Enquirer: 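To start, I am sharing the structure in question, which I have written as structure tokens.
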Protein chains: 2
Amino acid sequence: MGNQKLYKGSLQTIILKLLETNDKMYGYEITQKVKELTKGELKITEGALYPALHKLEADGLLDVEIAKVGNRLRKYYKLTESGSKETANKLEEMQEFLKTMQHLVNPKLSLE
Amino acid sequence: MGNQKLYKGSLQTIILKLLETNDKMYGYEITQKVKELTKGELKITEGALYPALHKLEADGLLDVEIAKVGNRLRKYYKLTESGSKETANKLEEMQEFLKTMQHLVNPKLSLE
DNA sequence: GTTTTATACATAAGAAAATTATGTATATAT
DNA sequence: ATATATACATAATTTTCTTATGTATAAAAC
């Protein structure tokens with residue numbers, strides 16, 4: 001977990017991917033899901049998450065819907081049509097990146 | 001190549017890995033080697049590279065040796081002992097990161 | 001022969017994306 | 001009663017990069 005800085009630049013892609021899989025999610029839910037999926041290796045901080053969600057919304061990639069649960073509010077985000085397309089792009093870029101990086105740091109394991 | 005920002009945070013690791021493999025290299029050579037290894041996908045800019053090399057040197061991970069080739073100077077960098085250890089650490093962190101990220105963006109392809 | 005491209009270093013200004021710190025408020029568990 | 005969890009948010013700062021600029025030599029192209 002000393003490798004947090006490697007995740008820099010990948011937050012948007014992670015959020016978009018989660019929303020592609022889970023249809024709609026709220027911020028806190030995203031932090032918990034990421035912690036669960038990565039077995040605690042990646043902890044998304046609120047200072048990173050909320051500004052990122054706001055930006056994705058401002059860019060038209062996400063729609064937001066406010067819900068009240070008990071006495072607390074939740075903001076559910078979901079992909080717009082444009083967001084779905086951008087998700088596909090970003091996932092492709094991510095795959096390319098992972099392949100390239102794997103090849104750079106461990107040429108033996110990337111046979112192609 | 002619209003995914004340059006994904007590489008943020010990985011420059012040090014890339015440099016160290018190259019020096020582990022190639023024993024000693026100079027800055028310009030590193031930029032060319034990376035371009036070659038990634039088939040042009042990653043282009044390390046001088047504005048990123050030189051400060052990074054200086055930092056690694058200041059941190060005691062690299063030793064530098066100045067060579068004169070014709071009328072031009074080259075600064076050859078190589079790993080110190082401490083640099084070799086740190087390289088191993090960073091490569092391990094990178095593998096962990098790549099595995100986690102693969103699992104996040106494509107659960108189907110990361111079967112473990 | 002002169003202009004462009006390549007080689008080789010470097011730094012400064014600015015932008016992007018995070019961390020860290022702080023704030024508000026409700027709900028649950030100890 | 002107090003601590004932890006849920007749920008949002010923003011501001012200050014830091015890290016890491018891009019872009020722009022600078023110096024200088026060598027080779028290739030025209």
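In this text, all values refer to a predicted model and were calculated from it rather than measured experimentally. A, B, ... follow the sequence lines: proteins, then strands. Residue 1 opens every chain.
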Enquirer: Counting only non-hydrogen atoms, which of residues 62-71 of chain B are less than 4.0 Å from DNA chain C?
Expert: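 None - not one residue of the stretch has a heavy atom sitting under 4.0 Å from the strand.
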
Enquirer: For DNA chain D, note the earliest and the latest nucleotide, 5' to 3', having some atom under 4.0 Å of a heavy atom belonging to chain B.
Expert: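 Under 4.0 Å from chain B, the extent on DNA chain D is dT16(D) to dA26(D).
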
Enquirer: Evaluate side-chain contact (heavy atoms from CB on, under 4.5 Å) for Gln102(A) paired with Gln102(B), printing each intermediate quantity in order.
Expert: CA-CA 11 Å; Gln102(A) 187 62 252; Gln102(B) 188 61 254; over 6 Å; no

Enquirer: Once you round it to whole Å, what is the distance between C1' of dA17(C) and CD of Gln4(B)?
Expert: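 After rounding, the reported distance stands at 16 Å.
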
Enquirer: Go through the structure and list residues passing side-chain contact (heavy atoms from CB on, under 4.5 Å) with Gln32(A), not counting sequence neighbours.
Expert: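 Once residues adjacent in sequence are excluded, the partners of Gln32(A) under the side-chain contact (heavy atoms from CB on, under 4.5 Å) criterion are Tyr28(A), Lys35(A).
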
Enquirer: Kindly indicate whether the side chain of Leu98(B), heavy atoms from C-beta on, has any atom under 4.5 Å from the side chain of Val105(A).
Expert: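 The answer is yes; the side chains approach within 4.5 Å.
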
Enquirer: Working to the nearest 0.5 angstrom, can you tell me the gap between Met101(A) CE and Met101(B) CE?
Expert: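 It comes to 11.0 Å.
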
Enquirer: Check residues 73-81 of chain B and write down every donor-acceptor pair under 3.5 Å in which the side-chain atom is one partner and the other belongs to a residue at least two apart or another chain.
Expert:
unit_1, atom_1, unit_2, atom_2, d
Arg74(B), NH1, Tyr76(B), OH, 3.0
Arg74(B), NH2, Tyr26(B), OH, 3.3
Thr80(B), OG1, Gly60(B), O, 2.7
Thr80(B), OG1, Leu61(B), O, 3.2
Thr80(B), OG1, Ser82(B), N, 3.4
Thr80(B), OG1, Gly83(B), N, 2.9

Enquirer: Pull out every residue in residues 11-25 of chain A that has a heavy atom closer than 4.0 Å to any atom of DNA chain D, ordered by number, or say none.
Expert: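 Per residue number, the list is empty: none.
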
Enquirer: Taking ring pair (Phe, Tyr, Trp, His ring centres under 6.0 Å) as the cut-off, I'd like each qualifying pair that reaches into residues 38-73 of chain B, sequence neighbours left out, listed once.
Expert: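 Non-adjacent pairs meeting ring pair (Phe, Tyr, Trp, His ring centres under 6.0 Å): zero.
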
Enquirer: Round to a whole Å and report the spacing from CG of Leu42(A) to P of dA18(C).
Expert: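 Rounded to whole Å, this separation is 10 Å.
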
Enquirer: Base, sugar-phosphate or nothing for Thr31(A)? Non-hydrogen atoms, less than 4.0 Å.
Expert: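 The residue Thr31(A) makes no contact with any strand.
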
Enquirer: Report the residue (Gly9(A) or Glu29(B)) whose heavy-atom-nearest nucleotide on DNA chain C is the more 5′ of the two.
Expert: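 Whichever sits nearer the 5' end wins; that is Glu29(B).
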
Enquirer: Are the side chains of Asn106(A) and His103(A) in contact, using a 4.5 Å heavy-atom criterion?
Expert: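 The answer is no; the side chains never approach within 4.5 Å.
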
Enquirer: Inspect the contact between Glu86(B) and Lys90(B) and indicate whether a charged nitrogen and a carboxylate oxygen are less than 4.0 angstrom apart.
Expert: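 The answer is yes: the pair qualifies as a salt bridge.
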
Enquirer: Can you tell me how far the CG atom of Leu42(B) sits from the CD atom of Glu36(B), to the nearest 0.5 Å?
Expert: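 Leu42(B) CG to Glu36(B) CD: 13.0 Å, rounded to 0.5 Å.
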
Enquirer: Applying salt bridge (charged side-chain N to carboxylate O under 4.0 Å, His left out), name anything that partners Lys55(B), two or more places apart in sequence or on another chain.
Expert: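 Salt bridge (charged side-chain N to carboxylate O under 4.0 Å, His left out) check on Lys55(B) returns Asp59(B).
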
Enquirer: Which atom pairs, one a donor and one an acceptor, fall under 3.5 Å between side chains of residues 6-25 of chain A and the rest of the protein, sequence neighbours left out?
Expert:
unit_1, atom_1, unit_2, atom_2, d
Tyr7(A), OH, Glu41(A), OE2, 2.8
Ser10(A), OG, Tyr7(A), O, 2.4
Thr21(A), OG1, Lys17(A), O, 3.2
Asn22(A), ND2, Leu18(A), O, 2.9

Enquirer: Would you mind reading off the distance between Glu46(A) atom CD and dA18(C) atom P, rounded to a whole angstrom?
Expert: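 Computing the Glu46(A):CD to dA18(C):P distance gives 15 Å.
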
Enquirer: Check the pair Glu57(B), Asp63(B) against side-chain contact (heavy atoms from CB on, under 4.5 Å), reporting the backbone distance first and the verdict last.
Expert: CA-CA 6 Å; Glu57(B) 190 196 349; Asp63(B) 271 341; over 6 Å; no

Enquirer: Please name the pair of heavy atoms, one in Val34(B) and one in Ile44(B), separated by the smallest distance, quoted to 0.1 Å.
Expert: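 Distance-wise, the nearest heavy atoms are CG2-CD1, 3.7 Å.
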
Enquirer: Which distance, rounded to the nearest 0.5 Å, do you find between the OG1 of Thr38(B) and the NZ of Lys99(A)?
Expert: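 NZ of Lys99(A) is found 12.0 Å from OG1 of Thr38(B).
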
Enquirer: In whole angstrom, give the distance that lies between atom CG of Asp59(A) and atom C1' of dA17(C).
Expert: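 Going from Asp59(A) (CG) to dA17(C) (C1'), I get 14 Å.
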
Enquirer: Atom NZ of Lys35(B) and atom P of dA6(C): how far apart are they, to the nearest Å?
Expert: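 It is 8 Å, rounded to the nearest whole Å.
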
Enquirer: Between Pro51(B) and Gln32(B), which has a closest nucleotide on DNA chain C that is more 5'?
Expert: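 Comparing both residues, the 5'-ward one is Gln32(B).
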
Enquirer: Determine the contact category for Arg74(B): base if any of its heavy atoms lies under 4.0 Å from a base atom, sugar-phosphate if only primed atoms, P, OP1 or OP2 are that close, otherwise nothing.
Expert: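 Arg74(B): backbone/sugar contact only, no base atoms under 4.0 Å.
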
Enquirer: When you compare the protein's N or O atoms with those of nucleotides 13-15 of chain C, which come within less than 3.5 Å of each other, and at what distance?
Expert:
none

